[in-house]
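To start, the structure itself, in structure tokens.
Please read all numbers here as calculations on a predicted model, not as lab measurements. Convention: sequence-line order gives letters A, B, ...; per-chain numbering from 1.
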Amino acid sequence: TAGNTIFHFGPCRISMSMTEVRAGFTAIKANIQARDPIRTLSILSHPHSLHKVKSSDRCCIAHHLFNFYVDKVFKHCKTEDSYVNRKISSIANSFLSMKRKLGQCHEQNKCMCGQESAEKFKQILANYKGLNVTSAAIKSLGELDILLDWME
Amino acid sequence: DALLPAPQNISIVSINMKHFLTWSPVIVQGETVRYSVEFQGEYEREYANESWIPICECSLITATVCNITEDISATVAYNLRVRADGGARRSEWGTLKGFFNRITTSLTPPLMKVIADGYHLLVELEDMGPAFQFCVLYWKKGQENRMQQKVVKEVSSVVHLDTMEAGPDYCVKAQTYVEAINRSSSFSQTQCVRAQGSRSVWLV
């Protein structure tokens with residue numbers, strides 16, 4: 001479509017400029033992934049892919065992941081490359097916008113967190129804490145397309 | 001050395017999701033003054049220690065305008081600032097008064113060309129970029145209460161609207177819609193055509 005996509009996370013519907021986020025990520029993906037030497041580990045996909053999350057838990061997982069990227073990941077991804085930094089800013093501000101929209105729905109108790117999503121997100125945090133902050137943040141950013149694919 | 005005066009009259013010109021920062025020149029006799037621009041999104045203010053990000057295409061430029069479209073790529077409030085350099089001297093940052101959110105961009109009606117190709121009612125729409133969709137309304141003149149609508153999500157060369165009957169005039173108008181900010185432009189001028197064999201006949 002022309003830019004925006006309506007995402008249905010359980011009862012929550014949020015509109016997101018997916019084209020802009022994907023374009024921003026595609027522009028820096030190779031650069032970011034080249035900074036991540038640890039090929040054997042994944043933050044989002046270990047041990048199970050996001051695609052295994054039940055649809056009833058989608059909303060909660062999405063809510064957690066937006067917060068995760070905004071609160072923990074982007075700020076530790078600053079590079080010496082001004083172009084990369086601009087694209088990270090573009091993605092971060094889009095995620096902030098989405099985090100707010102999903103947060104509003106979450107506050108209206110329409111985004112329930114089940115056992116599975118709690119377990120899944122705990123695993124993601126454990127994977128993240130298993131590395132030093134910068135490596136974990138760069139790896140998480142490099143895996144952004146995993147999240148975007150799952151959302152779509 | 002005394003500081004250069006900071007750039008003044010910093011403002012945004014934003015039309016159809018194209019955003020430009022402009023400012024008044026800093027005049028220094030006998031010297032070329034250059035300017036540098038930085039931006040700060042809501043994310044940077046709230047989560048990244050209020051950091052600023054330079055726009056390299058607008059670093060040490062002599063022009064007093066900077067295209068910031070590519071960096072204003074989220075529907076959040078942005079801060080912008082400009083600094084002047086002249087010789088060995090530099091100014092303080094001049095900052096845009098208030099924030100800029102692309103939701104305030106002004107949307108103009110789309111350029112449109114209506115074509116009667118034989119009995120086919122066609123419309124040619126201006127390509128305004130990936131953020132734009134179009135809502136096209138068309139009707140038989142005199143039957144405004146039976147308007148039909150076509151949403152065009154991606155501009156291809158020509159859009160087929162309808163197959164016309166011989167005789168009546170067919171009228172068309174269009175507006176843009178930008179989903180990222182959930183806003184529409186006003187409608188374009190109405191254009192009417194009539195099917196007549198294979199010749200296009202314009203009736204405005």
Margin query: Between R35(A) and E80(A) (salt bridge meaning N to carboxylate O under 4.0 Å), is one present in this structure?
Written below: yes
Note to self: For the backbone of T105(B) and the side chain of R183(B), can you confirm whether one donor and one acceptor N or O come within less than 3.5 Å of each other?
What the structure shows: yes
Checklist line | chain B contact residues among residues 72-79 of chain A, heavy-atom distance under 4.5 Å | finding: F74(A), K75(A), K78(A)
Margin query: Under the salt bridge (charged side-chain N to carboxylate O under 4.0 Å, His left out) definition, can you give me all pairs with a residue in residues 156-165 of chain B, not counting sequence neighbours?
Written below: K140(B)-E165(B)
Next item on the list: May I ask you to decide if H120(B)'s main-chain N or O and D117(B)'s side chain share a donor-acceptor pair within less than 3.5 Å?
Entry: no
Next item on the list: Look at S94(A), S89(A), S97(A) and state which one has the largest set of heavy-atom pairs under 4.5 Å with chain B.
Entry: S89(A)
Margin query: Treating S188(B) as the side-chain partner and A174(B) as the backbone partner, does any N or O pair qualify as donor plus acceptor under 3.5 Å?
Written below: yes
Check: Taking NZ, NE, NH1 and NH2 as the nitrogens, is one of them in E20(A) or R102(B) under 4.0 Å from a carboxylate oxygen of the other?
Finding: yes
Margin query: At a 4.5 Å cut-off on heavy atoms, which part of E46(B) comes close to chain A: side chain, backbone, both, or neither?
Written below: side chain
Checklist line | Reference residue Q133(B); test side-chain hydrogen bond (donor to acceptor under 3.5 Å, both in side chains); the match among Q175(B), E179(B), E154(B) | finding: E179(B)
Note to self: We want to know whether S36(B) and D85(B) form a side-chain donor-acceptor pair, criterion being a heavy-atom distance below 3.5 angstrom.
What the structure shows: no
Check: When only pairs under 4.5 Å are counted, which of R100(A), M98(A), K87(A) shares the most heavy-atom pairs with chain B?
Finding: R100(A)
Margin query: Let's go through L121(B) and T163(B) carefully: what are the C-alpha distance in whole Å and the side-chain angles of both, what is the deciding distance for side chain to side chain contact (heavy atoms under 4.5 Å, CB included) to 0.1 Å, and is it a yes or a no?
Written below: CA-CA 6 Å; L121(B) 178 61; T163(B) 303; over 6 Å; no
Checklist line | Short N-O contact, R45(B) and E50(B), less than 4.0 angstrom | finding: no
Notebook entry, point to check: Quick one: is the NZ or CZ of R81(B) closer than 6.0 Å to the six-membered ring centre of W23(B), and within 45° of its axis?
Noted result: no
Notebook entry, point to check: Cut-off 3.5 Å, side chains only: do N93(A) and E44(B) have a donor facing an acceptor?
Noted result: yes
Notebook entry, point to check: In residues 55-78 of chain B, which residues are in contact with chain A at a heavy-atom separation under 4.5 Å?
Noted result: I55(B), C56(B), E57(B), E70(B), D71(B), S73(B), A74(B), T75(B), V76(B), Y78(B)
Note to self: Salt bridge check, K120(A) against D57(A): does any charged N sit closer than 4.0 Å to a carboxylate O?
What the structure shows: no
Item checked: Donor-acceptor side-chain pairing of N85(A) and S82(A) below 3.5 angstrom -> no
Note to self: Please output the residues of residues 62-71 of chain A in contact with chain B, using a heavy-atom cutoff of under 4.5 Å, in numerical order.
What the structure shows: V70(A), D71(A)
